[in-house]
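Worksheet for the structure shown next.
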Amino acid sequence: MAEEITQETFFKALKNIGKFKGDCKIRVWLCQIVKNTYFSLCQKNKHIIYEAREENGCECIEQKLINSETAWEIHKKLHFLDEPYKEVFTLRVFGELPFLQIAELLGKTESWARVTFHRAKIKLKED
């Protein structure tokens, strides 16, 4: 599956390199293509369910948003989350903003945005 995703990603990247706007780093653009390709393959192959996540016994909080019941629980917890965790998490997950843009918006560094997002996820998992 990894080989198929890699091949498809580079095919899409080469095919659409002219559409690359340069508003993010090329590696970020490639990662977005990888993510979208992976989700597309998962939808096509419904019998394959995030095998890597099941093997590790963990599930990424972003993936839990796919399940509407879990999404509702996350929204309830997010409502009571302190700032700036609430804002950073919302901008990243729902606004789909890169960390650099979140940092610029809030007048902080990119690493601060990453750390704050990570801490927000931990706080949401704790409750």
Side-chain angles (χ1 to χ4, degrees):
M1 187 171 183
E3 288 178 5
E4 186 177 344
I5 291 171
T6 303
Q7 289 174 352
E8 186 69 21
T9 297
F10 282 102
F11 174 75
K12 289 178 181 179
L14 289 172
K15 183 178 167 186
N16 296 303
I17 193 71
K19 296 178 184 176
F20 177 65
K21 298 175 186 173
D23 55 352
C24 65
K25 295 179 183 176
I26 194 138
R27 65 182 172 87
V28 173
W29 182 65
L30 287 171
C31 287
Q32 290 171 339
I33 295 172
V34 169
K35 178 183 72 169
N36 292 332
T37 302
Y38 174 71
F39 288 139
S40 295
L41 284 173
C42 285
Q43 285 180 340
K44 287 179 186 176
N45 304 318
K46 292 192 180 204
H47 63 281
I48 300 174
I49 302 173
Y50 308 117
E51 295 172 357
R53 298 208 190 279
E54 289 178 353
E55 288 173 7
N56 293 335
C58 67
E59 186 175 2
C60 184
I61 196 163
E62 292 91 342
Q63 296 304 316
K64 289 183 178 181
L65 290 172
I66 294 172
N67 179 333
S68 63
E69 289 179 25
T70 306
W72 175 243
E73 292 300 318
I74 291 173
H75 281 289
K76 287 192 304 189
K77 290 178 181 180
L78 186 60
H79 180 72
F80 296 104
L81 195 62
D82 294 331
E83 296 294 348
Y85 306 108
K86 181 178 183 177
E87 186 171 12
V88 171
F89 185 86
T90 301
L91 290 171
R92 178 70 178 166
V93 175
F94 303 114
E96 298 180 354
L97 291 179
F99 290 114
L100 183 60
Q101 287 182 345
I102 294 170
E104 288 175 2
L105 183 66
L106 300 175
K108 303 285 185 175
T109 64
E110 184 177 357
S111 60
W112 175 89
R114 289 179 185 279
V115 169
T116 305
F117 177 72
H118 176 71
R119 289 179 181 164
K121 289 194 316 185
I122 290 171
K123 289 179 178 286
L124 288 171
K125 288 177 184 178
E126 287 174 352
D127 294 336

Please name all residues satisfying side-chain hydrogen bond (donor to acceptor under 3.5 Å, both in side chains) with T37, sequence neighbours left out, ordered by chain then number.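 Testing T37 for side-chain hydrogen bond (donor to acceptor under 3.5 Å, both in side chains), a comparison that skips the adjacent residues, returns K12.
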Which residues satisfy the side-chain hydrogen bond (donor to acceptor under 3.5 Å, both in side chains) test with T109, sequence neighbours excluded?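 For T109 the side-chain hydrogen bond (donor to acceptor under 3.5 Å, both in side chains) partners, ignoring immediate neighbours, are S111.
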So if you build clusters from Ile, Leu, Val, Met, Phe, Trp, Tyr with side-chain heavy-atom gaps below 4.5 Å, do L105 and L100 land together?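 Unlinked, L105 and L100 end up in two clusters.
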I'd like to check I33 versus F11 (side-chain heavy atoms, cut-off strictly below 4.5 Å). Are they in contact?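 They are not in side-chain contact.
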Only counting residues at least two apart or in another chain, list the ones meeting salt bridge (Lys or Arg N to Asp or Glu O under 4.0 Å) with R114.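 Once residues adjacent in sequence are excluded, the partners of R114 under the salt bridge (Lys or Arg N to Asp or Glu O under 4.0 Å) criterion are E110.
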Before you tell me yes or no, could you show the steps for I102 and T90 under side chain to side chain contact (heavy atoms under 4.5 Å, CB included), namely the whole-Å CA-CA distance, both residues' side-chain angles and the distance that decides it to 0.1 Å? CA-CA 10 Å; I102 294 170; T90 301; over 6 Å; no
Set of ring pair (Phe, Tyr, Trp, His ring centres under 6.0 Å) partners for Y85, sequence neighbours left out: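 Once residues adjacent in sequence are excluded, Y85 has no partner under the ring pair (Phe, Tyr, Trp, His ring centres under 6.0 Å) criterion.
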As a quick check of understanding, evaluate side chain to side chain contact (heavy atoms under 4.5 Å, CB included) for Y38 and T9, giving each step before the final call. CA-CA 9 Å; Y38 174 71; T9 297; over 6 Å; no
Going by the rule side-chain contact (heavy atoms from CB on, under 4.5 Å), which residues pair with E96 if we only count those two or more places apart in sequence or in a different chain?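 For E96, no residue satisfies side-chain contact (heavy atoms from CB on, under 4.5 Å) once neighbours in sequence are set aside.
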Distance (rounded to the nearest 0.5 Å) between [X] [atom1] and [Y] [atom2]:
{"X": "F10", "Y": "L30", "atom1": "CZ", "atom2": "CG", "answer": "6.0 Å"}
{"X": "K123", "Y": "F80", "atom1": "NZ", "atom2": "CZ", "answer": "15.5 Å"}
{"X": "L81", "Y": "F89", "atom1": "CG", "atom2": "CZ", "answer": "8.5 Å"}
{"X": "E104", "Y": "L97", "atom1": "CD", "atom2": "CG", "answer": "10.5 Å"}
{"X": "L106", "Y": "T116", "atom1": "CG", "atom2": "OG1", "answer": "8.5 Å"}

By the salt bridge (Lys or Arg N to Asp or Glu O under 4.0 Å) test, which pairs, at least two apart or in different chains, include something from residues 24-41?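 Every pair satisfying salt bridge (Lys or Arg N to Asp or Glu O under 4.0 Å) with a residue in residues 24-41: there are none.
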Check for a donor-acceptor pair, side chain of E83 on one end and backbone N or O of E87 on the other, with a separation under 3.5 Å.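 At least one qualifying donor-acceptor pair exists.
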Derivation and outcome, side chain to side chain contact (heavy atoms under 4.5 Å, CB included), residues V93 and F117: CA-CA 9 Å; V93 175; F117 177 72; 3.7 Å; yes
